[in-house]
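Values reported hereafter were calculated over all heavy atoms of this structure, with side chains retained and with hydrogens, waters and symmetry mates removed. Letters A, B, ... are given to chains in the order of the sequence lines, protein chains preceding strands, and every chain is numbered from 1.
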There are 2 protein chains.
Amino acid sequence: MNEIFKALADPTRREILRVLRQREHSAGELSELFALSKSTLSGHFNVLKAADLIEFSKTGTTIMYRLNTSIFEEVVSHLFDFFGSNPSSETQPEKRSES
Amino acid sequence: MNEIFKALADPTRREILRVLRQREHSAGELSELFALSKSTLSGHFNVLKAADLIEFSKTGTTIMYRLNTSIFEEVVSHLFDFFGSNPSSETQPEKRSES
DNA sequence: TTGGTATTTCGCCAAACACCGAAATAATAG
DNA sequence: CTATTATTTCGGTGTTTGGCGAAATACCAA
């Protein structure tokens, strides 16, 4: 969870996710959409991979990145943990765990 | 939006939100729940305030913090921006704005 | 094997972040 | 006015982050 929120904290990474939502893109294609060096983008891909927010596949030298949409459920459910409307029935107040 | 995601990126701040979800707490009460100095906590309160994630009211020298639950809607709707299931009907691909 | 293309990893640097203790501010009581 | 309590602001330190270019890796084609 922590890695997901950390990954979402950067505007460039959120923009990458938004682009990938449309369709998958190679690392090179993505680098054409951002005014950042390829090495910098590659770093962002690593963060997004570590958070399991993107998936990828290699064909030849080209790496295709695509969104892992299933993570969405997980994020929203954790947001309910802070903001949901019926605290006592959904979580144990004492626990205060950080998963 | 950026400030909200930045605020959520820190585990301590997420824990503060989770505590505040139960009921409002004063700064002092909160400081008893965390092994951090009051000045550090105060810094976290500032970040959460800037993101509009918490509200507060003063009575005497005591400051009561409470969760701003209305922000939840906003965060989820932005998450749909990345992860929602029907991209072309919900957003303009060309826009790529960061609000 | 040599060369070219796609991408990542490696140092490096500056800015941002999380933390602390001490000093400052603010309200209240005596 | 002085003391006490609650909280924040300030100045400092160590760590993490985001950026870059150069070097390394990987694959393919000639």
Taken to the nearest whole Å, CZ/F5(A) to C1'/dC17(C) is 19 Å
Practice prompt. Give S31(B) one of three labels, base, sugar-phosphate or nothing, depending on what nucleic acid heavy atoms sit under 4.0 Å from its own.
Written response: nothing
Note to self: Tell me if a side-chain donor or acceptor on E29(B) pairs with a main-chain N or O of S26(B) at a distance below 3.5 Å.
What the structure shows: yes
Out of dA18(C), dT9(D), dG19(D), minimum distance to the side chain of T40(A) belongs to dG19(D)
- Query: Is there a ring-ring contact (aromatic ring centres under 6.0 Å, His included) between F72(A) and F82(B) once you walk through the steps?
  - Reply: CA-CA 9 Å; F72(A) 174 69; F82(B) 320 129; 9.3 Å; no
### Query
Is T62(B) touching bases, backbone alone, or none of the nucleic acid, heavy atoms closer than 4.0 Å?
sugar-phosphate
Just to confirm, is there a sub-4.0 Å distance from OP1 or OP2 of dA6(D) to any side-chain nitrogen or oxygen of Y65(B)?
no
With a 4.0 Å cut-off on heavy atoms, is F56(A) in touch with a base, just the backbone sugar-phosphate, or nothing at all?
nothing
>> Quick check on dT7(D): is either OP1 or OP2 less than 4.0 Å from any side-chain nitrogen or oxygen of T61(B)?
In response: no
Rounded to whole Å, the CG-C1' distance (L30(B) to dA6(D)) equals 13 Å
E29(A) CD to dT5(C) C1', in whole Å, measures 14 Å
Side-chain atoms of A27(B) come closest, of dT8(C), dT8(D), dC19(C), to dT8(D)
Residues of residues 44-51 of chain B with a heavy atom under 4.0 Å from any atom of DNA chain D, listed by number, are F45(B), N46(B)
Whole-Å distance, I16(A) CD1 to dG19(D) C1', equals 13 Å
Quiz item: Do S39(A) side-chain and dG21(D) base share a donor-acceptor contact under 3.5 Å?
Solution: yes
When rounded to whole Å, the NZ to P distance for the pair K38(B) and dG21(C) reads 12 Å
In whole angstroms, the gap separating C1' of dC28(D) from CD1 of I63(A) amounts to 15 Å
Between CG of L36(B) and P of dC20(C) the distance, given in whole Å, is 5 Å
Worksheet item: Donor-acceptor pair, R21(B) side chain versus D81(A) backbone, under 3.5 Å?
Response: yes
* Asked: Taking OP1 and OP2 of dT17(D), is either one under 4.0 Å from a side-chain nitrogen or oxygen of K6(A)?
  -> yes
To the nearest angstrom, the CZ-P distance between R13(B) and dA16(C) comes to 15 Å
Problem - Check: A7(A) main-chain N/O paired with R13(A) side-chain donor or acceptor under 3.5 Å - result: yes
| Without hydrogens or angle criteria, can the side chains of T62(B) and T59(B) be said to hold a donor-acceptor pair below 3.5 Å? | no
I'd like to know if the side chain of N68(B) reaches the main chain of E55(B), judged simply by a donor and an acceptor atom lying under 3.5 Å from each other, with no hydrogens or angles considered.
no
